[in-house]
Amino acid sequence: KLITFPQGKTQTFCNVIKLGTFCRTVVWPCLPPLLMYQYIRAKDEDYYMTEVLYYKSGSKDAKAFYDTSRIGISGHWRIQQDMETI
């Protein structure tokens, strides 16, 4: 009895159906592209910062900052530093 909602009016029932339909047809299809866009922007910002760090360091060894021969994210300079510490 604590979880069940008392029977409402027909208008309330129709509004719940309309809201659910709106979420399924408008909100849900827009969500994955927005999340993908946010992921790409975060990755782009990370790579940009790595490039700026590389440029300002004056180093000629790009692999010291991002080693492309390593698998996945393990090539990032911060991950390399953490793995050396471990």
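What you see below is based on every heavy atom in this structure, not just the backbone, and it leaves out hydrogens, waters and symmetry mates.
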Open item on the list: Quick one, R24 and T21 - any side-chain contact, counting heavy atoms below 4.5 Å?
Closed with: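 Yes, close enough: below the 4.5 Å cut-off.
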Task: Shortest non-hydrogen contact from P29 toward C23 - done: CD-O, 4.2 Å
- [ ] Give a yes or no on whether W28 and L35 share a hydrophobic cluster (residues Ile, Leu, Val, Met, Phe, Trp, Tyr; joining criterion: side-chain heavy atoms under 4.5 Å apart).
- [x] yes
